[in-house]
Amino acid sequence: MSDFRRDFISFAVEQNVLCFGDFITKAGRQSPYFFNAGLFSDGASVGALAQFYAQAVQASGVEFDVLFGPAYKGIVLASATAVALATQGRNVPFVFNRKEAKDHGEGGVLVGAPLKGRVMIIDDVISAGTSVRESVNMIRAAGAEPAGVLIALDRMERGQGALSAVQEVEQQFGIPVIPIASLDDLLGYLSAQNGMDEKLAKVSAYRNQYGI
């Protein structure tokens, strides 16, 4: 596991954004862990999160021209990650959408840079893939091309069929999904920590039951 992925898992645990216990997922599964990126809710934590996103997309080698953040969580993620990339020496434009079209002023649903070229979508996680599907439709309608999807955590578990939600997006749209970290990284983190044996056993059992 590369350092930034290990550091991201550790950071998310410290921020109580990645929690352990008994949780019900959107799919109705009882999960021993839960990740809620909405709990990154102050300047310091969002700034640190953005640095991890920037490291992940730089390490992926996937080329892109602009960041796109789907409303609402993606708005903060796109703008903060653009700032983080700039601090790492790469200045890229960003754009996000409104949920409802503005009927005055400049109008429309897009705010920020022109939506053109190769577009990297940025979001927190992929659940049903609805946000990605809407983003891809919006990008292609503007004459641009989706380059990939950048997310925080890949849970690596089956969706409705044999594939995970991430794999379904990659297969349906023919674009890569780039997570900062994955369930593999979480298991690696737990196995390296003292006093985490019970959590490791529960997360491993969950993966055996639902993982890909």
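From a predicted model like this one, the values you see are computed outputs, not experimental measurements. Side-chain atoms are counted along with the backbone in the values below, which use heavy atoms only and exclude waters and symmetry mates.
In this structure, the side chains of L190 and V203 come closer than 4.5 Å at one or more pairs of heavy atoms. Side-chain contact between Q30 and I24: present, with at least one pair of heavy atoms (C-beta onward) separated by less than 4.5 Å. Counting heavy atoms from C-beta on, the side chains of V166 and P179 never come closer than 4.5 Å. Annotation: side chain of P70 is not in contact with side chain of F96 (no heavy-atom distance under 4.5 Å). At a threshold of 4.5 Å between non-hydrogen side-chain atoms, the residues F173 and R133 count as touching. V62 places a side-chain heavy atom less than 4.5 Å from the side chain of I178. Counting only heavy atoms from C-beta outward, the side chains of Q15 and F40 approach each other to under 4.5 Å. Side-chain contact between Y189 and R5 is absent, with no heavy-atom pair separated by less than 4.5 Å.
Nearest heavy-atom pair, Y53 versus I151, reported as atom, atom and distance to 0.1 Å: CE2-C, 3.6 Å. Between P93 and V66, the shortest heavy-atom distance links the atoms O-CG2, 3.4 Å. The shortest heavy-atom contact between A82 and L67 is N-CD1, 3.8 Å. Contact record, A12 with F35: CB-CE1, 4.2 Å, taken as the closest heavy-atom pair. For the residue pair R90 and Q58, the shortest heavy atom distance occurs at NH1-OE1, 3.6 Å. The heavy-atom pair separating L85 from A54 by the smallest distance is CD2-CB, 3.7 Å.
Aromatic pair F20/Y33: centroids not less than 6.0 angstrom apart.
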- Message: Before you tell me yes or no, could you show the steps for R207 and L187 under side-chain contact (heavy atoms from CB on, under 4.5 Å), namely the whole-Å CA-CA distance, both residues' side-chain angles and the distance that decides it to 0.1 Å?
- Response: CA-CA 10 Å; R207 179 173 190 177; L187 289 169; 3.8 Å; yes
- Query: Given R29 and Y210, is the side-chain contact (heavy atoms from CB on, under 4.5 Å) satisfied, shown in steps?
  - Reply: CA-CA 9 Å; R29 297 169 179 167; Y210 297 113; 3.3 Å; yes
- Would I212 and L163 satisfy side-chain contact (heavy atoms from CB on, under 4.5 Å), going step by step from the backbone distance to the final call? CA-CA 7 Å; I212 54 173; L163 300 179; over 6 Å; no
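In this structure, the side chain of S60 engages the main chain of V57 through a donor-acceptor pair within 3.5 Å. No donor-acceptor pair under 3.5 Å is formed between the side chain of R140 and the backbone N or O of P146. Side-chain atoms of D65 come within 3.5 Å of backbone N or O of R118 as a donor-acceptor pair. Looking at T81, its side chain never comes within 3.5 Å of a backbone N or O of A78 through a donor-acceptor pair. A distance-only check finds no donor-acceptor pair linking the side chain of N97 to the backbone of L110 [under 3.5 Å]. In this structure a side-chain-to-backbone donor-acceptor pair under 3.5 Å is present from D154 to M156.
S182 and R155 form no side-chain donor-acceptor contact under 3.5 Å, judged by distance and modelled atom types alone. No hydrogens or angles considered: a donor-acceptor pair under 3.5 Å links the side chains of E157 and Y206. There is no side-chain donor-acceptor pair under 3.5 Å between S10 and D7.
Put simply, I121 and V109 are part of the same group of oily side chains (I, L, V, M, F, W, Y) that touch within less than 4.5 Å, one to the next. Clustering ILVMFWY residues whenever any of their side-chain heavy atoms sit less than 4.5 angstrom apart, transitively, puts F23 in a cluster other than the one holding L200. In the hydrophobic cluster analysis, where Ile, Leu, Val, Met, Phe, Trp and Tyr join through side-chain heavy atoms closer than 4.5 angstrom, L49 is grouped apart from V83. Linking ILVMFWY side-chain heavy atoms closer than 4.5 Å, directly or via other members, places L183 and F34 in two distinct hydrophobic clusters.
From D123, atom CG reaches atom OG of S135 across 7.0 Å, with rounding to the nearest 0.5 Å. For the atom pair L77 CG and D124 CG, the distance stands at 6.5 Å (nearest 0.5 Å). Considering CG of D197 and OG of S191, their distance stands at 9.5 Å, rounded to 0.5 Å. For the atom pair CG of L186 and CG of L18, the computed distance is 5.5 Å after rounding to the nearest 0.5 Å. Going from atom NZ of K116 over to atom CD1 of I139 covers 15.0 Å, rounded to the nearest 0.5 Å. Rounded to the nearest 0.5 angstrom, E170 CD and I126 CD1 are separated by 8.0 Å.
Residue K73 places its NZ atom among more than 12 non-hydrogen atoms of other residues, nucleotides or ligands, all under 6.0 Å distant. A 6.0 Å sphere centred on CD of Q88 holds more than 12 heavy atoms belonging to other residues, nucleotides or ligands.
Classification of the F8-F11 ring pair by plane angle, with boundaries at 30° and 60°, yields tilted.
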